[in-house]
Amino acid sequence: MTRIAVCAPSTPITPADADRVLALAAAEFPDLDLHIHPQCFASQGHFAGSDSARADALVECANDPSFDAVWFARGGYGACRIAEGAIARFSGAAKTKTWLGYSDAGYLLGGLYRERIGRPVHAPMLADIRRTDG
């Protein structure tokens, strides 16, 4: 089973977004185990919590060896505010992961690529479930 941690380094998602993705994953990808970090639902201004809360959740997901991948929930300016400091706190466990996202999560993907951490992949994000045929 592939275990994927979802965190929101930028903007929040809603519980409805998470429920729809969990239902889709259960129906279409039964070998996936998605763990949606509670921080994904936090809100401070238009961010998914404070800079430190977003960075802490990202580092927690990165450094947990039980996860195979980290999936960014949604894009937004917040990722660039925490990317450098969060990446500096990653342990060796982060190097084995696949990292999934696009948009402003590209700041993180670029930083991961630069530091040769894991496999950064330009990929859909959880919030894309909101799109038509998401």
Side-chain angles (χ1 to χ4, degrees):
M1 178 162 292
T2 301
R3 296 194 73 228
I4 301 173
V6 179
C7 64
S10 297
T11 53
I13 58 170
T14 66
D17 297 333
D19 290 344
R20 288 183 64 201
V21 168
L22 290 169
L24 176 67
E28 300 290 329
F29 306 98
D31 289 338
L32 291 182
D33 177 22
L34 293 179
H35 168 78
I36 300 176
H37 196 288
Q39 170 272 329
C40 291
F41 310 114
S43 179
Q44 183 172 339
H46 63 278
F47 296 123
S50 66
D51 286 357
S52 62
R54 294 190 327 278
D56 288 348
L58 175 59
V59 170
E60 181 182 331
C61 293
N63 292 345
D64 186 330
S66 72
F67 293 118
D68 303 297
V70 176
W71 191 19
F72 304 130
R74 192 171 173 202
Y77 164 72
C80 70
R81 293 168 53 125
I82 66 165
E84 187 175 11
I87 290 172
R89 296 169 48 199
F90 287 4
S91 72
K95 293 182 184 245
T96 65
K97 295 182 183 353
T98 299
W99 300 84
L100 306 161
Y102 72 97
S103 182
D104 288 356
Y107 288 102
L108 289 165
L109 297 175
L112 293 163
Y113 181 79
R114 181 190 68 215
E115 298 299 324
R116 294 179 171 82
I117 296 173
R119 292 168 303 283
V121 177
H122 186 269
M125 290 189 279
L126 184 144
D128 288 333
I129 197 74
R130 298 174 182 177
R131 297 178 187 270
T132 302
D133 298 324

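Hydrogens, waters and symmetry mates are skipped; everything else that's a heavy atom, side chains included, is used.
- Residues Ser103 and Met125 share a closest heavy-atom pair of CB-CE, 3.8 Å.
- The salt bridge (charged side-chain N to carboxylate O under 4.0 Å, His left out) pairs that include a residue from residues 6-22 are Asp17-Arg130, where partners are two or more places apart or lie in different chains.
- Listed by chain and number, the residues in a side chain to side chain contact (heavy atoms under 4.5 Å, CB included) with Asp56 are Arg89 (sequence neighbours excluded).
- With a 4.5 Å cut-off on side-chain heavy atoms, Phe41 and Ile13 count as touching.
- Judged as a side-chain hydrogen bond (donor to acceptor under 3.5 Å, both in side chains), not a single pair has a partner in residues 38-49 (not counting sequence neighbours).
- Put simply, the side chain of Asn63 gets close to the backbone of Ser91: a donor and an acceptor are under 3.5 Å apart.
- One distance of note links CD1 of Ile4 with CG of Leu32; it measures 4.5 Å at 0.5 Å rounding.
- Tyr107 and Tyr113 end up in different hydrophobic clusters when Ile, Leu, Val, Met, Phe, Trp and Tyr side chains are linked at under 4.5 Å.
- Residue Ala79 comes nearest to Ser10 through the heavy atom pair N-OG, 3.0 Å, listed as atom of the first residue, atom of the second, then distance.
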Under 3.5 Å, which donor-acceptor pairs link side chains of residues 47-55 to any protein atom two or more places apart or in another chain?
unit_1: Ser50; atom_1: OG; unit_2: Ser52; atom_2: OG; d: 3.2
unit_1: Ser50; atom_1: OG; unit_2: Ala53; atom_2: N; d: 3.0
unit_1: Asp51; atom_1: OD1; unit_2: Arg54; atom_2: NH1; d: 3.1
unit_1: Asp51; atom_1: OD1; unit_2: Arg54; atom_2: NH2; d: 2.8
unit_1: Asp51; atom_1: OD1; unit_2: Arg81; atom_2: NE; d: 3.1
unit_1: Asp51; atom_1: OD1; unit_2: Arg81; atom_2: NH2; d: 3.3
unit_1: Asp51; atom_1: OD2; unit_2: Arg81; atom_2: NE; d: 3.3
unit_1: Asp51; atom_1: OD2; unit_2: Arg81; atom_2: NH2; d: 3.0
unit_1: Arg54; atom_1: NE; unit_2: Pro9; atom_2: O; d: 2.8
unit_1: Arg54; atom_1: NH1; unit_2: Gly49; atom_2: O; d: 2.9
unit_1: Arg54; atom_1: NH1; unit_2: Ser50; atom_2: O; d: 3.3
unit_1: Arg54; atom_1: NH2; unit_2: Gly78; atom_2: O; d: 3.1

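- The side-chain heavy atoms of Leu126 and Ile36, taken from C-beta on, include a pair separated by under 4.5 Å.
- Under the rule for a side-chain hydrogen bond (donor to acceptor under 3.5 Å, both in side chains), the partners of Glu60 that lie at least two apart in sequence or sit in another chain are His37.
- Checked against side chain to side chain contact (heavy atoms under 4.5 Å, CB included), Ser66 has the following partners two or more places apart in sequence or in another chain: Arg3, Asp64.
- Taking both residues in full, the closest heavy atoms of Cys40 and Ala73 are given as SG-CB, 4.2 Å, listed atom of the first, atom of the second, then distance.
- Nearest heavy-atom pair, Cys7 versus Val70, reported as atom, atom and distance to 0.1 Å: SG-CG1, 3.9 Å.
- Thr11 contributes a side-chain N or O that, together with a main-chain N or O of Gly75, makes up a donor-acceptor pair within less than 3.5 Å.
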For Leu108 and Leu58: C-alpha separation, side-chain torsions, deciding distance, then whether side-chain contact (heavy atoms from CB on, under 4.5 Å) applies. CA-CA 10 Å; Leu108 289 165; Leu58 175 59; 3.7 Å; yes

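- Applying the ring pair (Phe, Tyr, Trp, His ring centres under 6.0 Å) test to pairs two or more places apart or on separate chains, those with a residue in residues 70-91 are Phe90-Trp99.
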Donor-acceptor pairs under 3.5 angstrom involving side-chain atoms of residues 115-122: please list them, not counting sequence neighbours.
unit_1: Arg119; atom_1: NE; unit_2: Thr98; atom_2: OG1; d: 3.2
unit_1: Arg119; atom_1: NH2; unit_2: Thr96; atom_2: O; d: 3.0
unit_1: Arg119; atom_1: NH2; unit_2: Thr98; atom_2: OG1; d: 3.1

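- Applying the side chain to side chain contact (heavy atoms under 4.5 Å, CB included) rule to Arg131 yields the partners Tyr102, Asp128; only residues at least two apart in sequence or on another chain are considered.
- The line from CG of Leu112 to CD1 of Ile87 is 4.5 Å long, rounded to the nearest 0.5 Å.
- Other members of a hydrophobic cluster containing Phe67 are absent, since no ILVMFWY side chain comes under 4.5 Å of it, directly or through relayed contacts.
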